[in-house]
Number of protein chains: 2
Amino acid sequence: MAEVTTSLSIGQVAERTGLSVHALRFYEREGLFANPVQRGSSGRRVYGEDDVEWLTICIILRASGMPLPAIRRYAELVSEGAGNEKERLNLLRQHQERVNIQIGQLTQSLDLITFKVGVYEDILSEGDPTACLTGRQQLSFGEPEGDVGGVVAMFAGLDVEQEVGVDSRVS
Amino acid sequence: MAEVTTSLSIGQVAERTGLSVHALRFYEREGLFANPVQRGSSGRRVYGEDDVEWLTICIILRASGMPLPAIRRYAELVSEGAGNEKERLNLLRQHQERVNIQIGQLTQSLDLITFKVGVYEDILSEGDPTACLTGRQQLSFGEPEGDVGGVVAMFAGLDVEQEVGVDSRVS
DNA sequence: ACTTGACCTAGAGTCGACTCTAGCTCCTAG
DNA sequence: CTAGGAGCTAGAGTCGACTCTAGGTCAAGT
């Protein structure tokens with residue numbers, strides 16, 4: 001209770017969160033912090049544990065594909081204080097929905113990929129003729145083919161992209 | 001069997017796949033086609049059903065975050081013909097693994113989001129005091145807080161990004 | 001006194017995957 | 001014979017989320 005808010009430098013926060021100092025400054029410029037980052041002697045940023053907690057949430061939201069403007073909006077709502085819980089809920093529900101859809105699509109993609117992995121495993125166990133009995137393959141122009149349902153329609157309109165990440169400096 | 005390979009224009013393929021004509025030309029430049037796209041009268045691209053099938057696979061791989069260079073490599077392997085199945089399998093397995101990880105992370109993120117949605121639902125049903133008994137909330141600077149495990153470590157190093165998609169022109 | 005290291009700002013650069021533009025050629029319908 | 005529409009190429013532009021650079025301040029250690 002009498003913890004006098006441990007203060008952290010930008011470097012320490014970077015280390016703790018796995019974000020770069022650049023990213024931290026960038027997030028601040030972009031208004032992702034719910035409460036303004038304090039400044040200490042000679043204008044240096046001073047963070048508290050609560051900032052780290054907040055950043056953790058931001059990281060998770062980002063990791064699940066929430067765009068910065070949406071996180072900014074959420075931060076705004078939080079910083080405005082109580083009274084706008086409905087809007088916060090809406091924002092979160094929307095994102096929840098998107099993540100659900102995304103997981104669904106990835107799972108579908110994974111199905112195809114797993115299917116193809118299976119096909120190639122069968123091919124590579126060619127010494128074993130029983131593999132051919134599974135009937136998994138159906139060649140088309142040199143590529144083992146197997147269209148799992150009307151997949152084109154399934155995937156029109158949403159796409160997932162992964163980035164190389166901030167390296168794990170968490171000790 | 002005697003289907004004399006239906007030929008499609010770039011516009012038709014765009015319509016069928018949901019990709020733009022720009023993207024189709026771009027994919028071709030990037031070497032994503034396993035077999036070269038044919039040209040018809042006056043240098044126009046002529047696609048076959050097999051190209052559409054191949055594109056469907058590409059779309060799924062892209063949708064699950066496989067980068068273009070990896071798809072190009074896969075296309076190269078396929079176009080080289082039989083004999084490199086092991087490498088194809090490796091490529092697919094790697095991607096499979098990444099997608100699995102991605103789904104895992106999204107699921108984790110979803111947990112937090114769902115948790116927060118729950119918190120706000122509780123708050124908004126304030127007329128009902130039993131909601132407070134769930135003990136879900138623990139406020140910190142105006143933001144209902146609940147750190148679901150050591151999440152920072154969980155998310156360091158990988159990130160998911162979603163793009164606005166090609167619109168669904170599939171009839 | 002001076003070097004080192006962490007920090008600061010403003011702004012430029014990067015990367016991946018497209019998307020768009022300019023300026024051209026065809027073919028077909030009126 | 002001409003206007004429209006679809007296609008072509010080369011190359012420039014865009015977008016999001018950072019990342020990096022230049023040029024400067026400040027405090028501590030030797």
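So that the names make sense, note that chain A is the first sequence line, chain B the second, and so on, each numbered from 1.
In this structure, the CD atom of B/Glu15 is 16 Å from the C1' atom of D/dG7, given to the nearest Å. For the pair A/Ile10 CD1 and D/dC26 C1', the interatomic distance rounds to 16 Å; values are reported in whole Å. Rounded to an integer number of Å, the gap from CG of A/Leu68 to P of D/dT19 is 11 Å. Distance CG (A/Leu24) to P (D/dT19): 10 Å, rounded to an integer number of Å. A straight line from CD of A/Glu30 to C1' of D/dA17 spans 8 Å, rounded to a whole angstrom. Between the CE atom of B/Met66 and the C1' atom of C/dG16 there is a distance of 16 Å, given to the nearest Å. Between B/Leu61 atom CG and C/dA17 atom P the separation is 12 Å, expressed in whole Å. Whole-Å rounding puts the B/Phe26 CZ to D/dG7 P distance at 20 Å.
Comparing D/dT19, C/dT9, C/dC20 by their nearest atom to the side chain of A/Arg39 picks out C/dT9. Checking D/dC20, D/dA17, C/dA17 against the side-chain heavy atoms of A/His22 singles out D/dC20 as nearest. Checked against D/dC8, C/dC20, D/dC20, the side chain of B/Arg25 finds its nearest nucleotide in D/dC8. Of all nucleotides listed (C/dA17, D/dC26, D/dG7), D/dC26 comes nearest to the side chain of A/Ser42. For B/Arg44, the listed nucleotide lying nearest its side chain is C/dC26; candidates were C/dC8, C/dT19, C/dC26.
A 4.5 Å side-chain heavy-atom check between B/Ile113 and A/Leu61 finds at least one atom pair inside the cut-off. The shortest side-chain heavy-atom distance between A/Ile10 and A/Val46 does not fall under the 4.5 Å cut-off. The shortest distance between side-chain heavy atoms of B/Arg45 and B/Glu28 falls below 4.5 Å.
The phosphate of D/dG7 has OP1 or OP2 within less than 4.0 Å of a side-chain N or O from B/Ser9. Residue B/Tyr27 has a polar side-chain atom (N or O) positioned under 4.0 Å from OP1 or OP2 of C/dC18. Considering only side-chain N and O atoms, B/Arg45 lies nowhere under 4.0 angstrom from the phosphate OP1 or OP2 of D/dG7.
Comparing A/Ser41 and A/Arg29 by the nucleotide of DNA chain D that holds the closest heavy atom to each, the one mapping nearer the 5' end is A/Arg29.
A/Tyr74 and A/Trp54 have parallel rings, their planes meeting at less than 30° on a 0 to 90° scale where 60° marks the start of perpendicular.
Note on B/Arg88 versus B/Glu80: no salt bridge recorded, every NZ/NE/NH1/NH2 to OD/OE distance being 4.0 Å or above.
Side chain B/Arg62 to base C/dA17: no donor-acceptor pair is found below 3.5 Å.
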